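This report concerns only the one structure given below.
The figures that follow rest on heavy atoms only: side chains count, while hydrogens, waters and symmetry mates do not. Chain letters run A, B, ... following the sequence lines, proteins first and then strands; every chain starts at 1. None of these values were measured; they are calculated from a predicted model.
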Protein chains: 2
Amino acid sequence: MSEISAAFPSPGHNHDHCVDQALADARSVCRRRGARFTEQRARVLELIWQSHRPLGAYQILDQLRTEGRSAQPPTVYRALDFLQDLGLVHRLASLNAYCGCVAPGAQHQSQFLICRECGVVAELREQAILRVVTEAAVSRGFRIDETSIEVAGICPDCARKPSR
Amino acid sequence: MSEISAAFPSPGHNHDHCVDQALADARSVCRRRGARFTEQRARVLELIWQSHRPLGAYQILDQLRTEGRSAQPPTVYRALDFLQDLGLVHRLASLNAYCGCVAPGAQHQSQFLICRECGVVAELREQAILRVVTEAAVSRGFRIDETSIEVAGICPDCARKPSR
DNA sequence: ATTAAATATGTTACATTATAACATATCATT
DNA sequence: AATGATATGTTATAATGTAACATATTTAAT
Ligand SMILES: [Zn+2]
Ligand SMILES: [Zn+2]
Ligand SMILES: [Zn+2]
Ligand SMILES: [Zn+2]
């Protein structure tokens, strides 16, 4: 499984390597879980990882279609459901978009920093955040099933750039 | 302005009072900001507060129509935009639904506990959560504009009930 | 009071996101 | 080869949200 990556991808890194690693990880997760990593599913995951920012379902659909595949919305949503179930991608509710998980296979509740300017996303897995949220919940007798923690703002790269 | 309410509304409380208070608060906020608290806007806010759970835009639309008002989607979305701008309602991204703000007028980033069983929502304003999220962000050079922190699970009431 | 500007609402049409339902194909097992 | 399980194709539609332009209402000047 791949190492933990920095919060935001560094501008100059070899992203092809990230994609390859993500696909290899996915293959391994599927094998371990007895799930089929079909061409469609692999291609959808690859498209998500190749993109520098989260992709909407219909953006993925458009891509598949330009590749000559016969694709309809259910094609994409089924693949996305599958990938989510296996923890290979996350859905960002505030964007209606999907991004690759940086720690597939491990059970986790993540937090997301989303740049309003360039769209880049950092997936955090901060125990401190989860801890304080859990404390707040249990002190009110609430049992947490799932968290959706998404923070919009400006990433370091965009903050450096002049105004705009 | 109304006092800070408990996390989850107690089952036996007088909810009409909550609604009246929310409308009064809204009127006051609008006056202070020089905004018009029109019939439509008041009615949308009232519907949201009267509901025991967050309302979708088209649920609100249906209500308005049964009251004989000529209403189309833009009618509702405009009112919702207005109410959000003034901090009178919040949009829950994970539900595509809207709930009344428990502390209107004050600038704040809230967190929401959402019961999967009964739909009830608790709006929290935990400084500790905001603090640790902010720390995580700034340590990565990220400037926060807005948070969307929504936690799905089971509320105390539903937890007490037998299985289901 | 009259006019003009700003604000709010009505109305039609459409864009975007997601799912239901059923047919067909592919894969795994016997 | 036959069977059941899983995956995909296909059509249609549901659910959520917005663009654009016309009309009405309120507010502020004249
Ligand atoms: Zn993840
Ligand atoms: Zn950025
Ligand atoms: Zn609030
Ligand atoms: Zn409940």
* Asked: Transitively linked via ILVMFWY side-chain contacts under 4.5 Å: A:Phe112 with A:Leu55?
  -> no
* Asked: Can A:Tyr77 be called stacked on C:dT19 when the rule is centres closer than 5.5 Å and an angle between planes below 30°?
  -> no
* Asked: Rounded to whole angstrom units, what separation is found between the CZ atom of B:Arg33 and the P atom of C:dT7?
  -> 14 Å
* Asked: Could you state the CD-C1' distance from A:Gln72 to C:dA18, rounded to the nearest angstrom?
  -> 14 Å
* **Nucleotide C:dT11, atom P - distance to CZ of B:Arg65 in whole Å** => 11 Å
* To do: Kindly assign one of parallel, tilted or perpendicular to the pair B:Tyr77 and B:Tyr58, based on the angle between their ring planes and the thresholds 30° and 60°.
  => perpendicular
* Structure fact -> When A:Ala57 and B:Ala35 are each assigned the nearest nucleotide of DNA chain C, the 5'-most assignment goes to B:Ala35
* Taking atom C1' of C:dA20 as reference, at what distance in whole Å does atom CG of A:Asp81 sit? -> 13 Å
* Base, sugar-phosphate, or nothing for B:Phe37, non-hydrogen atoms under 4.0 angstrom? -> nothing
* Provide, to the nearest angstrom, the distance between the CG atom belonging to B:Leu83 and the P atom belonging to C:dA8. => 12 Å
* To do: Output yes when B:Lys161 and B:Glu117 qualify as a salt bridge under the 4.0 Å nitrogen-oxygen rule, no when they do not.
  => no
* To do: Take A:Arg41 and B:Pro74, find for each the nucleotide of DNA chain D with the closest heavy atom, and name the residue whose nucleotide sits nearer the 5' end.
  => A:Arg41
* Using only side-chain N and O atoms of A:Gln40, determine if any of them is under 4.0 Å from OP1 or OP2 of D:dG9. => yes
* N/O (side chain, B:Tyr98) to phosphate O (OP1/OP2, D:dG17) under 4.0 Å -> yes
* Asked: What integer distance in Å separates B:Leu80:CG from C:dT9:P?
  -> 12 Å
* **N/O (side chain, B:Thr38) to phosphate O (OP1/OP2, C:dT9) under 4.0 Å** => yes
* Whole angstrom is fine here: how far is it from CZ in B:Arg36 over to C1' in D:dT27? => 7 Å
* **A:Arg31, CZ atom: more than 12 neighbouring heavy atoms under 6.0 Å** => no
* Asked: Checking all strands, does B:Arg78 fall into the base, sugar-phosphate, or nothing category for heavy-atom contacts under 4.0 angstrom?
  -> base
* Structure fact -> Note: for B:Glu39 and B:Pro73 on DNA chain C, the residue whose nearest nucleotide lies more 5' is B:Glu39
* Pick base, sugar-phosphate or nothing for B:Arg69, based on heavy-atom distances below 4.0 Å to the nucleic acid. => nothing
* Asked: If you draw a 6.0 Å radius around CD in B:Glu67, do more than 12 non-hydrogen atoms from other residues or ligands fall strictly inside?
  -> yes
* To do: For A:Ile60 and C:dA18, give me the distance from atom CD1 to atom P, rounded to whole Å.
  => 10 Å
* **Earlier contact from the 5' end, DNA chain D, for B:Asn96 and A:Tyr58** => A:Tyr58
